Amino acid sequence: MPEISIVIPCRNEAANLPLLLDEIGAAMAGRDFEVIVVDDGSTDDTASVLGAQAVLHPFPLRHLRHEKSAGQSLSVRSGAWAARGNIVATIDGDGQNDPQYIPMLVDALRQAGPGFGVAQGERLKRRDSKIKQLASRFANWLRKAILHDETRDTGCGLKAIHTDILRKLPFFDGTHRFVPALVIQEGYQVVHCDVVDRSRRHGKSNYGIFDRGLQGVLDLAGVWWLRRRRRRMPKTEEIRHG
């Protein structure tokens, strides 16, 4: 069984996947891992590209396909439940996340100890347009003010999280932007790691600024309600007698 499952949620990223998979193979050399590409209802050549890539790499490359697009968060959920590794590392399929940071995140999570549930990447030198950067800064400021998750950039796709903890989190269309707050709700801490963003190589984003912004406000209200109504999960141990 692999130790690490790298989950790549993607939709119509056939042009970006070959180089991304090459980079993952180089970054993870010497480690025991698998790659799970969650094809979120793609209408491009993703299936044929992954079929060709599967025979080129020494690591297990698995292809999960949603019949129709369900969004990034539910794609991560599908990958989490299919994962065979004890740690799930997530990375976006558009090439903006650099795979060289995956080992760093995994090691940071392990070294932080059992009280930590997730290593969250926080992007430096954002390559998005200025309006996207401003929208992201406002969204992160608002989220921190309401949820107090002490995370500068929860929208970064680079994360490493214990598989059993990831499977416990509530899943909805937007979960991936609230992972630190939800992990804290489960009684664990968050370790933060700076990563450097880079430009998308091919294609265009599947998410619009205003659609994502409106949905994000609704999701934030939902997570706020959830945290108020649900007690933080206690640590539980069995006491054996006799």
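Every value quoted in this text rests on a predicted model; they were computed, and no experiment measured them. If you read the sequence from its start, that first residue is 1, and numbering goes on from there.
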_From C10 atom SG to L50 atom CG, the distance as rounded to the nearest 0.5 Å_ = 7.0 Å

*Roughly how far, to the nearest 0.5 Å, is the OG1 atom of T163 from the CD1 atom of I4?*
10.0 Å

*Please identify each residue that fulfils side chain to side chain donor-acceptor pair (under 3.5 Å) with D44, with sequence neighbours left out.*
T46

_Test side-chain contact (heavy atoms from CB on, under 4.5 Å) on V88 and V76; report intermediate values, then the result._
CA-CA 10 Å; V88 167; V76 171; 5.8 Å; no

*asked:* Quick check for you: to the nearest 0.5 Å, what is the distance between D98 atom CG and I91 atom CD1?
replied: 7.0 Å

*Apply the side-chain hydrogen bond (donor to acceptor under 3.5 Å, both in side chains) test between D153 and each candidate in Q120, H192, R123, R177; give the one that qualifies.*
R123

_Between I8 and E13, does the side-chain contact (heavy atoms from CB on, under 4.5 Å) criterion hold? Intermediate values first, please._
CA-CA 11 Å; I8 308 175; E13 300 290 1; over 6 Å; no

_Side-chain heavy-atom pair L21, H57 within 4.5 angstrom cut-off_ = yes

*By the rule that ILVMFWY residues connect when side-chain heavy atoms come within less than 4.5 angstrom, directly or transitively, which residues belong alongside I239?*
none

*Which residue pairs satisfy the salt bridge (charged side-chain N to carboxylate O under 4.0 Å, His left out) criterion with at least one member in residues 19-28, sequence neighbours excluded?*
E23-R198, E23-R201

*Taking all heavy atoms of I24 and all of I6, pick out the closest pair and write down the distance.*
CG2-CD1, 3.7 Å

*From H176 atom NE2 to C156 atom SG, the distance as rounded to the nearest 0.5 Å*: 11.0 Å

*asked:* For V7, is there any backbone N or O sitting under 3.5 Å from a side-chain donor or acceptor partner on T90?
replied: no

*Can you sort out the partners of D45 under side chain to side chain donor-acceptor pair (under 3.5 Å), two or more places apart, ordered by chain and number?*
none

_With clusters defined by side-chain heavy atoms of hydrophobic residues (ILVMFWY) lying less than 4.5 Å apart, directly or transitively, does L19 cluster with M28?_
no

*For R65 against S42, the heavy-atom pair lying closest together*: NH1-O, 3.2 Å

_I need the full list of salt bridge (charged side-chain N to carboxylate O under 4.0 Å, His left out) pairs touching residues 69-84, with sequence neighbours left out, sorted by first then second residue._
E34-R84

_What verdict does the side-chain contact (heavy atoms from CB on, under 4.5 Å) test give for F171 and L182, after you've listed the backbone C-alpha separation in whole Å, the side-chain angles of each residue and the deciding distance to 0.1 Å?_
CA-CA 10 Å; F171 279 96; L182 296 171; over 6 Å; no

*Look at the side-chain heavy atoms of Ile, Leu, Val, Met, Phe, Trp and Tyr, link any pair under 4.5 Å apart, and say whether V37 and L56 land in one connected group.*
no

_pair P170-T175: side-chain heavy atoms closer than 4.5 Å_ = no

*Identify the heavy atoms of L64 and S78 that sit nearest to each other, and give their distance.*
CD1-O, 3.7 Å

*Under the salt bridge (charged side-chain N to carboxylate O under 4.0 Å, His left out) rule, collect the residues that match up with R167, sequence neighbours excluded.*
none

*asked:* Just verifying a value: how many Å separate I161 CD1 and L109 CG, rounded to the nearest 0.5 Å?
replied: 8.5 Å

*If a pair satisfies ring pair (Phe, Tyr, Trp, His ring centres under 6.0 Å) and one of its residues is in residues 67-121, list it, with sequence neighbours excluded.*
none

_Shortest non-hydrogen contact between N12 and T43, atoms and distance_ = OD1-N, 2.6 Å

*asked:* The test is side-chain contact (heavy atoms from CB on, under 4.5 Å); show your working for I102 and V106 and say whether it passes.
replied: CA-CA 6 Å; I102 295 176; V106 170; 4.3 Å; yes

*For H63, ring-ring contact (aromatic ring centres under 6.0 Å, His included) partners two or more places apart*: none

*Residues two or more places apart in sequence or in another chain: which of them pass side chain to side chain contact (heavy atoms under 4.5 Å, CB included) with D107?*
R31, R110, Q111

*Sequence neighbours left out, what pairs pass ring pair (Phe, Tyr, Trp, His ring centres under 6.0 Å) with at least one residue falling in residues 1-39?*
F33-F59

_If we ignore hydrogens and angles and just use 3.5 Å, is the side chain of N97 paired with the main-chain N or O of D92 as donor and acceptor?_
yes

*Which heavy-atom pair separates P18 from A14 by the least distance, and what is that distance?*
CD-O, 3.2 Å

*side chain to side chain donor-acceptor pair (under 3.5 Å) with E122: which residues, sequence neighbours excluded?*
R152

*Would you name the heavy atoms of L105 and G121 that are closest together and state the gap between them?*
CD2-N, 3.9 Å

*Measuring from Q189:CD to I184:CD1, what's the distance to the nearest 0.5 Å?*
8.5 Å

*Please identify each residue that fulfils side chain to side chain contact (heavy atoms under 4.5 Å, CB included) with A70, with sequence neighbours left out.*
D40, H66, L74

_Using only atom types and a distance under 3.5 Å, with no angle test, would you say the side chain of S69 pairs donor to acceptor with the backbone of G41?_
no

